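Because the structure is a prediction, the values reported are computed rather than measured.
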Amino acid sequence: MQLPSLPASLWRQDRSLRPQDFPALGSDVSCDVAIIGGGYCGLHAALAFAEKGLSVVVLEAGSVGLGGSGRNGGVVSAKFRRGFADLAAAHGMDVARRMHAIANASVAHLIETIERHAIADTGFRRVGALKCAHSVKAFEHARHEAEWLTRNLGERGLHVLDRADVRDETGCDSFVGGVLQDGAGTIQPLAYLQGLWRAAGAWGVQVYADTPALDVAETGSGVVVSTAGARVIAGQAVLATNAYSGLTGVDRAVARSIVPFRSAMIATARLPADLDARLLKNERSYTETRRMMRWFRKVEGRIVFGGRGALGHVEAPAAFSRLEKAMHLIFPELRGIGIDYRWSGHVALSFDGLPMAGMLSPRIGYAAGFNGAGVAMSGYVGDQLANMMMKQPHELALIARGSIPKVPFYPMRSAGVRGVTFFYEMMDAAGL
């Protein structure tokens, strides 16, 4: 088993926990619920169980923030990879309304969690998200989508901006217009994760780092999770490993339900005062509308720029070079500004573009497939999955699965992703 190395990210520079704060599991322990995976989803599930009085053990394979929860871009959004109009066409308007309510509830849940557990220094700001249209066709699509959401789902806080407005917002002339969503925000993702670890500990959750789960076996009375040096004997278990499923084989069924896709990020050196004042002055999160979508935001005077397309199991210099070129196309003024940080991590893509949660067996639950929009959603789903397992009221709508989906032609998944990526890149290059 080869765990990924800790990312040398912007987030990690001033955020560290002492190893002794969360040591590895050293001896057998018993509990009501064992959770495999110490990211947002697993920690929110742990808090939900603990708040109902259950004893909980969380096992994280590596250090705090080794996985996606410590590597992501810190964009807090109320969305899924699939649009709500598409969900309405496929499943009906009532289901689309439920999914829309879940998306908004995920952001509200994140905010409530920060407040209820007094998680400080997360940098969370509800500053909104701006979708920047790279073409007239894309702008018309975004505008019609905003009108549909307002008319059919009662969405509030959507504002259509023209070219001049977007130029003023971004400080560049690369876009023809855009749509601003008030409800979204940004966060320091690793600080938020570390706060969740501390909050879980304060509720009596036993949280262990550097403890890969090697086997999960059901017994007549519960579940036994085996690690290299000890066992967790539990009544139930949750697999919350998302894009990092399959590292040890313990969550092979979850691994076969998603496609890990590497997402890369770069952070510039601190901008000169004139550029800092002009670029992304409202410090929202920003996305562009190309098929190979890029996103960007400003953090403490730096531009953080990210996107998909960094294929492979390891970080590749070519992926960061592509990101830099894309950034310079949007912001020509950044040519000559150095890049201080480069890092990447895996996103879990599901076949239908929606998160999934459910039961692998009567005692083992799972959640995965957040499709790059999991900062708020994964925590919400972890909370709701725990409620489902405790027979408490919950709302997951299409996220709840009767059986775990499988990616078709799974052995060919990497080739398929590369093919789709190449096709999208050609379409973007052609302006289609």
Side-chain angles (χ1 to χ4, degrees), residues 9-11 15 39-44 47 65 67-81 83-84 99-132 149 155-159 169 178-197 199 242-243 263 265 267 280 282-288 293-300 303-307 345 347-348 354-355 367 369-384 399:
S9 70
L10 173 63
W11 318 128
R15 305 296 308 191
Y40 301 143
C41 184
L43 268 295
H44 277 273
L47 284 167
S69 296
R71 297 172 181 261
N72 65 81
V75 175
V76 178
S77 58
K79 68 176 185 179
F80 301 99
R81 185 158 67 94
F84 293 107
M99 294 296 283
H100 181 254
I102 286 172
N104 286 317
S106 72
V107 176
H109 177 73
L110 179 145
I111 295 170
E112 179 188 345
T113 298
I114 291 172
E115 294 174 348
R116 186 170 74 252
H117 298 286
I119 301 176
D121 303 323
T122 66
F124 174 71
R125 299 175 63 213
R126 201 164 193 175
V127 289
L130 178 59
K131 180 187 291 187
C132 304
L149 287 167
E155 179 68 68
R156 297 292 179 264
L158 291 176
H159 312 279
E169 276 271 350
V179 174
L180 173 63
Q181 180 190 32
D182 288 341
T186 59
I187 202 167
Q188 209 282 31
L190 182 58
Y192 174 47
L193 179 65
Q194 292 177 346
L196 290 172
W197 276 63
N242 199 32
S263 182
M265 284 148 276
L280 311 184
N282 292 317
E283 299 189 0
R284 311 184 197 276
S285 67
Y286 305 81
T287 57
E288 60 169 356
M293 181 269 290
R294 314 291 187 186
W295 61 266
F296 39 98
R297 53 180 290 211
K298 190 164 66 175
V299 181
E300 297 178 351
I303 301 295
V304 180
F305 194 93
V347 169
L354 295 174
F370 297 102
N371 295 280
V375 175
M377 186 58 65
S378 61
Y380 172 87
V381 171
D383 177 83
Q384 295 298 296
I399 299 170

Between [atom1] on residue [X] and [atom2] on residue [Y], distance to nearest 0.5 Å:
X	Y	atom1	atom2	answer
S378	D383	OG	CG	11.5 Å
H159	Q181	NE2	CD	9.5 Å
Y286	L280	OH	CG	5.0 Å
M377	K79	CE	NZ	11.0 Å
E300	L10	CD	CG	7.0 Å
L193	I119	CG	CD1	9.5 Å

Are [X] and [Y] side-chain neighbours, meaning at least one heavy-atom pair lies under 4.5 Å?
X	Y	value
V127	E283	no
N242	Y40	no
T113	L196	yes
M99	I399	yes
N72	M265	no
Q384	H109	no
L110	Y380	no
F80	I102	yes

Looking at residues at least two apart in the chain, or sitting in another chain, which of them share a side chain to side chain donor-acceptor pair (under 3.5 Å) with [X]?
X	answer
K298	D276
E155	H100
R297	none

Okay, side chain of [X], backbone of [Y]: is any donor-acceptor separation there less than 3.5 Å?
X	Y	value
R126	G183	yes
E169	N282	no
W197	L43	no
D182	L158	no

